[in-house]
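For reference, the structure discussed in these notes is given below.
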Amino acid sequence: MRCQRCGERPGRYRRPYAGDAVCGRCLVELVRDRVFREVRRWRWFRPGQTVVVAVSGGKDSAVALRLVLEYLDPLPGVEVIALTVDEGISGFRDRCLREAERLVERLDVRWEVVSFEEEYGFRLEEVVEETEHPACTVCGVLRRRLLNARARELGADVVVTGHNLDDEAQAVLMNFVKADLAQLSKLHPRVRPESEAVVPRVKPLRRVPEREVRWVADELGLPYHPDPCPFASSSVRSFFRRLLDEMEERLPSVKFGIVQALDRAGPVLAEEFLKGEVQRCERCGEPASDRLCKACQILEELRQSSSRLRDRASSSARTSSEER
Ligand code: SF4
Ligand code: ZN
């Protein structure tokens, strides 16, 4: 079948929600247009900004970095820095790091790496055995704190992440099912962080289906590590991923519909439910909705459950707080 957009090349990529099949070149153009439209719609970037892009070594952040660089190219005075968090997952993150390095070299971008080991004194894989929390909960909370703190140190005005349409639809549904409407409203692109200590995050791929991100990464020849994290299949999110993929077979636009609902309802939900007082964590100084931030709560639990980690975690938390 010929591409239904240009009519010239083979239509290799099926887009069920659009009812067509397009060639590689047209797909890249369509995705680029959609990403640029999204960036303009929410006015995420301005001249003179420092833009930190969270680069994991996977396909999503590779495509996000590549397209954001292209968008920002004509804007004067913008500095782009790629930032990678090494959580300490043997056989996975080390390979991702190699691909991330190839990517930033190829795209000629400044690259910073921070690790759990340096910041918290342990690797994620050591902690998984020591806690009842799912790996992704520990990982997500500690990674978010590290990313935000380092981005702030780098003077970032904005942090770009590679979350795609599938990620976003899963997050909306998960928070909806938990009836966590405050958290749900925070996903909206126009709802600002509650504290100035949080660098605003933007997701240029939030309307691009995951499979299209992979196709674009391949079409553009971007280096990335293709395998999923070994802990991913046990996460709650993976249940919602399967659920949405099944729904999509019957309703091809379902993921777009869910994100569209967020775009309409987010600000109203924020007005109604986002009233929590944001304070600073007593221990590390990061934003917290309680006496301790979530990261310090997890570090505290780890200290109590493991004498081996106790000393390392406590000295590391002290250091981070003293540095600030
Ligand atoms: Fe961390 Fe879970 Fe993502 Fe693996 S899948 S990197 S454990 S959040
Ligand atoms: Zn804290």
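Just follow the structure's listing: the first ligand is 1, and inside any ligand the first atom is 1. The analysis underlying the following values was restricted to heavy atoms, covering all of them including side chains, and did not include hydrogens, waters or symmetry mates.
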Note to self: So, taking the atom named NE2 in His188 and the one named CH2 in Trp42, what distance separates them when rounded to the nearest 0.5 Å?
What the structure shows: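 Taking NE2 in His188 and CH2 in Trp42, the distance rounds to 4.0 Å.
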Next item on the list: Drop me the distance from Glu286's CD to Leu146's CG, to the nearest 0.5 angstrom.
Entry: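 So the CD of Glu286 and the CG of Leu146 are separated by 9.5 Å.
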Next item on the list: For the atoms SG of Cys284 and SG of Cys281, give the angle they form at the Zn ion (ligand 2), rounded to 10 degrees.
Entry: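 Between SG of Cys284 and SG of Cys281, at the Zn ion (ligand 2), the angle is about 110°.
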Notebook entry, point to check: Where the Zn ion (ligand 2) is the corner point, what angle links SG of Cys296 with SG of Cys293, to 10°?
Noted result: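 With the Zn ion (ligand 2) as the vertex, SG (Cys296) and SG (Cys293) sit 110° apart.
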Item checked: Worked check of side chain to side chain contact (heavy atoms under 4.5 Å, CB included) between Arg145 and Cys296 -> CA-CA 10 Å; Arg145 183 176 89 168; Cys296 284; 3.4 Å; yes
Item checked: Flag for Ser90-Arg123: side-chain donor and acceptor within less than 3.5 Å ->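 A donor-acceptor contact under 3.5 Å links the two side chains.
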Next item on the list: Could you verify whether a donor N or O on one side chain and an acceptor N or O on the other, from Gln304 and Glu300, lie under 3.5 Å apart?
Entry: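 Yes, side-chain donor-acceptor contact under 3.5 Å.
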Checklist line | atom 6 (S) of ligand 1 - nearest protein heavy atom and its distance | finding: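 For atom 6 (S) of ligand 1, the nearest protein heavy atom comes out as Arg93 NH2, 3.7 Å.
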Notebook entry, point to check: Members other than Val259 in its cluster, when Ile, Leu, Val, Met, Phe, Trp, Tyr link by side-chain heavy atoms under 4.5 Å?
Noted result: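 Members besides Val259, by chain and number: Tyr17, Leu165, Phe256.
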Check: With a cut-off of 6.0 Å (strictly less than), are more than 12 heavy atoms of other residues, nucleotides or ligands near CZ of Arg41?
Finding: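 Yes - once you tally the heavy atoms of other residues, nucleotides and ligands closer than 6.0 Å, there are more than 12.
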Notebook entry, point to check: Hey, which protein N/O/S atoms does atom 1 (Fe) of ligand 1 have under 2.8 Å?
Noted result: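 Those protein N, O or S atoms (cut-off: under 2.8 Å from atom 1 (Fe) of ligand 1) are Cys139 SG.
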